[in-house]
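Worksheet: one structure, shown below.
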Amino acid sequence: MFTSLGRYILLLRLSFRKPEKFSVYWAEIMREMISIGIGSLGIIGIISLFIGAVAVIQVAFQLNSPIIPDTIAGSIARDSTVLEFSPTISALVLAGRVGSSIASQIGTMRVTEQIDALEIMGVNAPGYLISPKILAGITMVPMLNILSICLGLLGGYIACAASDDIAPADFVLGLRDGFLPITLQASLIKSFAFGFIITSVCAYQGFYTSGGALEVGQSATRGVVWSCIMILFADLIISRVML
C-alpha cells in the first residue's frame, strides 16, 4: 500500500512540472474538457432529472402527515440534492464513464510503448498525458455538479406538477425556505475533490499498466473501483469537516 501511495505521489509530482510548451498543453486541456464535460452532459442530465423526481416522491410519501407542512418536502429534497445526490452520485457515474476511459487510454499507450517513445523524445510523459486530464477534471466536474443540482430540482418540480401529493408552489416555497450557503460550498468542494480523484487515480492505474490488452482492462477496472472507494471516503471526510 505504501509503495503504491509513493508511486502515486511521485507521479503527481512529475505531472505538474513546468511544461515544455504551454500551447500544446493548453490544446490538450481544452480537448479533455470537451471530452469530460460536454461528453457527460447527457448521462448527468438524465440521472439528475430522475433522481430529483424520485427524491421528492419519496419525501412526500414518508412525510405524509397533517401536522407536517408540505413545504418541508422542498427543503429536504433541496438539501439532499445539493449535498449528496448531485455531487456523489454524479461522481460515481463519471468514475465509470470518464475514469475507465482515462485508464484504458493511458494503459493502451503504455502497453503499445507510445509512452516510452515520448520519454525517449524528451517529453515529460506524465505532464503531457495526465496533468491536462486532472485540470479538466477539477474544472468540469464542479460545473457538471451545478448543472446536476439545477436539473435535480427541476425534476422535483416536474414530479410535483405531475402528481397531487405536493403543490408546485409549496415545493418552490420549500426550496427558498432556510437555505444555507454552506451546503452549496460543501457541494462544490466535494465535486472539486471528486474530479481530482477520478482523473488522478485512473491515470495512475493506466500509467503503470504492464502486459497486454487483458491487463489494460484490469487497470481500467481497478481505476474505477478505487475511484469509487476514494470518492466515498472523501465524501465522508468533507461532510464531517464542513457540516
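Excluded from the calculations below are hydrogen atoms, water molecules and symmetry mates; all remaining heavy atoms, backbone and side chain alike, are included.
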Is the closest side-chain donor-acceptor distance between Ser4 and Arg7 under 3.5 Å?
->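 Arg7 and Ser4 do not have a side-chain donor-acceptor pair below 3.5 Å.
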Side chains of Asn145 and Ser90: do they bring a donor and an acceptor to under 3.5 Å?
->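 The answer is no; no qualifying pair exists.
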Out of curiosity, does Phe233 fall in the hydrophobic cluster containing Val224 (side-chain heavy atoms, cut-off under 4.5 Å, transitive links)?
->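 No; Phe233 is not reachable from Val224 via cluster members.
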Are Trp26 and Ile138 grouped together when hydrophobic residues (ILVMFWY) are joined by side-chain heavy atoms under 4.5 angstrom apart?
->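 Yes; Ile138 is reachable from Trp26 via cluster members.
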Quick check for you: to the nearest 0.5 Å, what is the distance between [X] atom [atom1] and [Y] atom [atom2]?
X	Y	atom1	atom2	value
Ser200	Leu11	OG	CG	9.0 Å
Phe22	Ile29	CZ	CD1	5.5 Å
Leu94	Ser100	CG	OG	10.5 Å
Ile231	Ser227	CD1	OG	6.0 Å
Asn124	Ser15	CG	OG	7.0 Å

Taking side chain as C-beta onward, heavy atoms only, is [X] less than 4.5 Å from [Y]?
X	Y	answer
Leu135	Tyr25	no
Leu188	Ile146	yes
Ile197	Trp226	no
Ile102	Val98	yes
Leu14	Ile130	no
Ile149	Leu184	yes
Ile106	Ile115	yes

Measure across [X] and [Y] and return the closest heavy-atom pair with its distance rounded to 0.1 Å.
X	Y	result
Ser191	Val141	O-CG1, 3.3 Å
Ile57	Ala159	CG1-CB, 4.2 Å
Ala60	Ile166	CB-CD1, 3.4 Å
Gly137	Ile36	N-CD1, 4.0 Å
Leu118	Ala125	CB-CB, 4.4 Å

Is there a donor-acceptor pair closer than 3.5 Å between any side-chain N or O of Ser219 and the backbone N or O of Glu215?
->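 Present.
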Ser80 side chain vs Ala77 backbone, donor-acceptor pair below 3.5 Å |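 No: the side chain of Ser80 does not pair with the backbone of Ala77.
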Pairs satisfying salt bridge (charged side-chain N to carboxylate O under 4.0 Å, His left out), at least one member in residues 77-96, at least two apart =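 Every pair satisfying salt bridge (charged side-chain N to carboxylate O under 4.0 Å, His left out) with a residue in residues 77-96: Glu84-Lys190.
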What pairs meet the salt bridge (charged side-chain N to carboxylate O under 4.0 Å, His left out) rule with one or both residues in residues 114-142, with sequence neighbours excluded?
->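 Residue pairs with at least one partner in residues 114-142: Glu32-Lys133, Arg110-Asp116.
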Go through the structure and list residues passing ring-ring contact (aromatic ring centres under 6.0 Å, His included) with Tyr204, not counting sequence neighbours.
->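 By the ring-ring contact (aromatic ring centres under 6.0 Å, His included) rule, Tyr204 matches Tyr8, Tyr208.
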